[in-house]
Amino acid sequence: MRKVILQCVLMYFWSSFLVDTDAYYMPYLVVGIFSFLCFYINYKDGNDIEYDIKKYAIKIGSGMFSLIVLLSNYSLWLQFTECWGSKLLLILVLSAGGYFTAKNILVLCASKVKNISMEDGKRKNIPSIVVFWMSFTAISFTNIFILFACKYPGVLSPDSMWQIDQIMNGSYSNHHPFYHTITIKVFISAGLKIFGNINAAVAMYHVFQILFMAMCFSMVSFTLYEMEVKWEVVITVAIAYVLMPYHIMYSFTMWKDVTFGGFVTLFLVFIYRILRKIGKIRFTSYLMLLISGIGVCLFRSNGFFAFLLVFIVFVLFFWKDERKICYLLFGVLCIGFLMKHSVLHILEVSQPDIIEALSVPLQQIARVEVEQHDFSEQQRELIEQIINMEEISDTYTAWLSDPMKELVRKKGNQQYITSHKVAYIKLYFETGIKHPWTYIKAWVDQTKGFWNAGYDYWRWKDGVIDNSYGIVSVVNSEFINRCLNKYLWTFSNNRFLQIFLCIGFHVWVELLLCFVNFMKENKVGLFLLIPNIALIISILITTPVYAEFRYSYFVFCNLPFLIATTFISERNKKLSDFCTENGDD
């Protein structure tokens with residue numbers, strides 16, 4: 001009984017201490033309440049884990065969650081007291097509270113997971129193609145109606161206008177994916193020829209994007225229906241794709257992240273359909289898998305590297321039984337590599353500057369200068385080659401790397417980094433070894449929006465940025481515009497609805513799905529989570545902004561599908577067969 005009381009006290013202290021967090025508190029509150037509920041059920045039912053590997057998985061998962069919350073809120077416990085002894089005690093208490101909070105949830109999941117199913121085993125009378133068209137019509141009609149009613153010709157941010165500049169000037173850069181820019185060009189060029197109006201041409205692209213995303217999301221509903229998932233779940237997922245504010249606003253926003261989210265979703269849906277043999281597996285299924293895979297590689301700068309990890313994991317998991325898909329995925333990698341490098345080189349498309357991929361290392365080194373001023377003369381000379389160190393302290397922003405990147409570009413000597421790679425790598429590691437805590441704080445502040453709870457940061461743009469092409473925002477219905485803006489404002493400001501917009505909380509859900517699939521020994525379900533995890537990892541290495549919603553939009557696009565595929569019955573070999581397969585091969 002003492003252990004029970006102590007655990008409850010630690011969990012309560014953990015929840016109450018986080019009230020002053022700079023993140024949204026609601027995700028912590030939801031997790032805390034759910035953990036107490038799980039604790040009660042576990043205690044009442046006597047739930048326990050028998051197998052050692054599952055016990056280790058629970059311990060590792062609980063420890064990860066506790067560390068995530070502890071690190072992301074380091075400013076709270078650092079400022080709590082000046083005494084380091086008291087700080088250490090506080091860290092231990094918070095770590096224990098977070099550990100038990102996660103453990104209760106994981107123990108319940110491990111104990112009850114096989115009893116949870118989203119299937120009802122009943123074949124409905126409605127043809128599956130009808131479900132697709134119902135979903136497609138609802139999504140596309142809603143967003144096209146809003147586009148022409150109050151957001152015409154769509155939303156254009158500075159990034160969008162930069163791509164239009166490239167189209168108009170004929171000078172292209174792969175800073176924003178070239179193939180996305182070319183896709184925009186196809187519809188704008190066609191729109192100008194058909195309508196002779198730039199606003200109509202831009203709107204034509206956005207109609208295409210709306211239809212494309214509606215098709216991707218409708219394939220989710222279509223596949224869930226064919227999987228005999230409960231009718232209520234299919235309807236809920238379809239309604240979510242229609243009503244969620246980010247799906248509405250992003251459908252007519254000219255960003256690479258939108259179509260990229262669609263390609264990731266399509267890739268997951270079709271590889272699942274093929275692996276689980278859902279519906280009739282025809283040539284078109286493999287063709288769609290090929291097209292969506294190429295889209296993943298080309299429509300985001302980090303897509304190719306994430307797909308490389310996906311390919312490696314797929315070969316490890318499925319080489320014996322699914323060699324046809326292995327060859328197809330390898331073909332996607334080859335095509336993606338050629339199109340990203342050889343083709344762009346032939347077309348003389350410039351690549352992003354090197355500093356664009358070094359956001360996190362740049363922020364870490366700058367943080368050392370801001371807090372420690374501890375570089376040797378030789379190190380300072382090396383840094384001064386690419387940046388004016390006197391300006392770092394006044395320029396550094398903990399959650400945004402753009403100011404520091406602009407300082408590097410201002411110096412105009414980035415080629416020095418390329419020609420002295422070894423020296424800069426040595427500088428990076430020497431500085432990190434000397435000031436590890438400063439590096440950790442810089443990384444946390446630069447990335448925490450993608451792995452902790454949720455943060456108050458803009459999620460969507462509105463209107464059209466000033467430009468010289470005559471593209472202007474047109475509101476045809478002030479009433480619908482006011483209703484939409486009120487709807488968006490409610491989601492952003494209501495504490496209960498905010499949780500649907502929290503990046504970190506949704507990443508937590510994905511990690512929980514990984515745990516559930518591991519407990520179920522479901523290697524197909526586990527593999528489906530690899531693309532999202534690989535993409536999130538790549539963001540944590542290169543992100544220029546700590547909580548940019550659109551960078552993680554792909555998570556919100558396919559999470560409903562991943563949840564559904566986690567809680568269905570097994571129709572394939574289990575994860576435990578993986579070792580046997582490789583041993584026998």
Side-chain angles (χ1 to χ4, degrees), residues 22 72 155-166 173-177 180-181 253-258 260 300-303 350-371 383-418 424 428 431 438-452 455-463 465-467 503-504 535-536 538-553:
D22 62 341
S72 59
V155 177
L156 298 181
S157 69
D159 284 350
S160 311
M161 199 56 64
W162 186 4
Q163 289 181 281
I164 292 178
D165 285 340
Q166 294 179 48
S173 166
N174 201 38
H175 180 91
H176 295 293
H180 179 242
T181 304
T253 298
M254 192 181 286
W255 279 334
K256 60 185 181 292
D257 312 276
V258 181
F260 179 78
R300 270 276 290 271
S301 56
N302 60 339
S350 62
Q351 294 290 348
D353 55 4
I354 189 172
I355 203 63
E356 189 65 30
L358 299 175
S359 291
V360 173
L362 179 63
Q363 290 289 90
Q364 290 172 316
I365 291 175
R367 185 72 166 254
V368 172
E369 172 63 14
V370 171
E371 294 187 354
I383 297 173
E384 284 282 358
Q385 292 294 328
I386 61 170
I387 194 170
N388 186 349
M389 293 192 70
E390 292 181 357
E391 298 183 55
I392 290 178
S393 294
D394 293 331
T395 305
Y396 175 78
T397 304
W399 53 271
L400 179 67
S401 69
D402 285 348
M404 293 304 304
K405 288 190 294 186
E406 289 306 314
L407 268 189
V408 174
R409 290 168 180 144
K410 180 180 176 181
K411 190 83 171 183
N413 195 26
Q414 292 190 56
Q415 69 275 9
Y416 197 84
I417 302 175
T418 305
Y424 282 104
Y428 177 74
T431 306
T438 305
Y439 263 33
I440 291 172
K441 288 190 294 181
W443 178 79
V444 168
D445 289 339
Q446 184 65 34
T447 65
K448 62 184 179 181
F450 298 101
W451 48 272
N452 175 61
Y455 290 86
D456 185 17
Y457 192 68
W458 71 272
R459 296 177 178 89
W460 43 74
K461 294 287 188 180
D462 195 11
I465 188 174
D466 292 339
N467 61 90
I503 303 170
L535 288 165
I536 290 294
S538 67
I539 290 173
L540 301 186
I541 298 172
T542 61
T543 179
V545 191
Y546 85 115
E548 185 89 11
F549 186 90
R550 63 190 176 114
Y551 292 169
S552 59
Y553 179 56

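Because the structure is predicted, anything quoted here is derived from the model rather than measured.
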message: Test of understanding: with side chain to side chain contact (heavy atoms under 4.5 Å, CB included), list the residues that count as partners of Asn467, not counting sequence neighbours.
response: Met161, Val464, Tyr469, Ile471

message: Could you work out, with side chain to side chain contact (heavy atoms under 4.5 Å, CB included) as the rule, every residue matching Ser173, not counting sequence neighbours?
response: Gln166, His175, Ser350

message: Whether Lys461 engages the ring of Trp458 as a cation-pi pair (distance to the six-membered ring centre under 6.0 angstrom, angle to the ring normal within 45°) should be assessed.
response: yes

On a heavy-atom basis, which atom in [X] and which in [Y] lie closest, and how many Å separate them?
X: Pro177; Y: Asn174; value: CA-OD1, 3.5 Å
X: Val545; Y: Phe450; value: O-CE1, 3.2 Å
X: Thr543; Y: Ser401; value: O-OG, 4.5 Å

- prompt: After noting the C-alpha distance and the side-chain angles of Glu548 and Arg459, does the key distance pass the side-chain contact (heavy atoms from CB on, under 4.5 Å) rule?
  reply: CA-CA 7 Å; Glu548 185 89 11; Arg459 296 177 178 89; over 6 Å; no

Mind checking the [atom1]-[atom2] spacing from [X] to [Y]? Nearest 0.5 Å is all I need.
X: Ile465; Y: Ile164; atom1: CD1; atom2: CD1; value: 10.5 Å
X: Tyr424; Y: Ile365; atom1: OH; atom2: CD1; value: 9.0 Å
X: Ile541; Y: Thr447; atom1: CD1; atom2: OG1; value: 10.5 Å
X: Ile539; Y: Leu535; atom1: CD1; atom2: CG; value: 6.5 Å
X: Trp162; Y: Leu156; atom1: CH2; atom2: CG; value: 16.0 Å
X: Glu369; Y: Ile387; atom1: CD; atom2: CD1; value: 9.5 Å

- request: Give the C-alpha distance, both sets of side-chain angles, the deciding distance and a yes or no for ring pair (Phe, Tyr, Trp, His ring centres under 6.0 Å) between Tyr546 and Tyr455.
  value: CA-CA 9 Å; Tyr546 85 115; Tyr455 290 86; 5.6 Å; yes

task: Report the C-alpha distance between Leu407 and Asn388 in whole Å, list the side-chain angles of each, state the deciding distance to 0.1 Å, and finish with yes or no for side-chain contact (heavy atoms from CB on, under 4.5 Å).
output: CA-CA 7 Å; Leu407 268 189; Asn388 186 349; 5.6 Å; no

query: Between Glu356 and Arg409, is the closest basic N to carboxylate O distance under 4.0 Å?
result: yes

query: Do Lys448 and Asp22 sit within salt-bridge range, that is, some charged N less than 4.0 Å from a carboxylate O?
result: yes

- request: For the residue pair Gln415 and Asn413, confirm or rule out a side-chain donor-acceptor distance under 3.5 Å.
  value: yes

- prompt: Going by distance alone, is a donor N or O of one side chain under 3.5 Å from an acceptor N or O of the other, for Trp460 and Thr253?
  reply: no

Ser552 side chain to Phe549 backbone, donor-acceptor under 3.5 Å: yes

- prompt: Where the side chain of Ser160 meets the backbone of Met254, is there a donor-acceptor pair that is under 3.5 Å apart?
  reply: yes

- line: From the list Gln364, Gln363, Lys441, side-chain hydrogen bond (donor to acceptor under 3.5 Å, both in side chains) partner of Gln446 resolves to Gln363

task: Could I get the full list of salt bridge (Lys or Arg N to Asp or Glu O under 4.0 Å) partners for Asp257, not counting sequence neighbours?
output: Arg300, Arg550

- request: Run the numbers on Ile386 and Ile417 for side-chain contact (heavy atoms from CB on, under 4.5 Å), then give the verdict.
  value: CA-CA 8 Å; Ile386 61 170; Ile417 302 175; 3.6 Å; yes

- prompt: Which of parallel (below 30°), tilted (30 to 60°) and perpendicular (above 60°) describes Trp443 and Trp451?
  reply: parallel

- request: Flag the pair Thr542 / Ser359 as yes when at least one side-chain heavy-atom distance between them is below 4.5 Å, and no otherwise.
  value: no

- prompt: When you look at Arg367 and Asp445, which way does the salt bridge (Lys or Arg N to Asp or Glu O under 4.0 Å) test go after all the steps?
  reply: CA-CA 11 Å; Arg367 185 72 166 254; Asp445 289 339; 3.0 Å; yes

task: Begin from the C-alpha positions of Tyr551 and Phe260 and carry the test ring pair (Phe, Tyr, Trp, His ring centres under 6.0 Å) through to its verdict.
output: CA-CA 10 Å; Tyr551 292 169; Phe260 179 78; over 10 Å; no

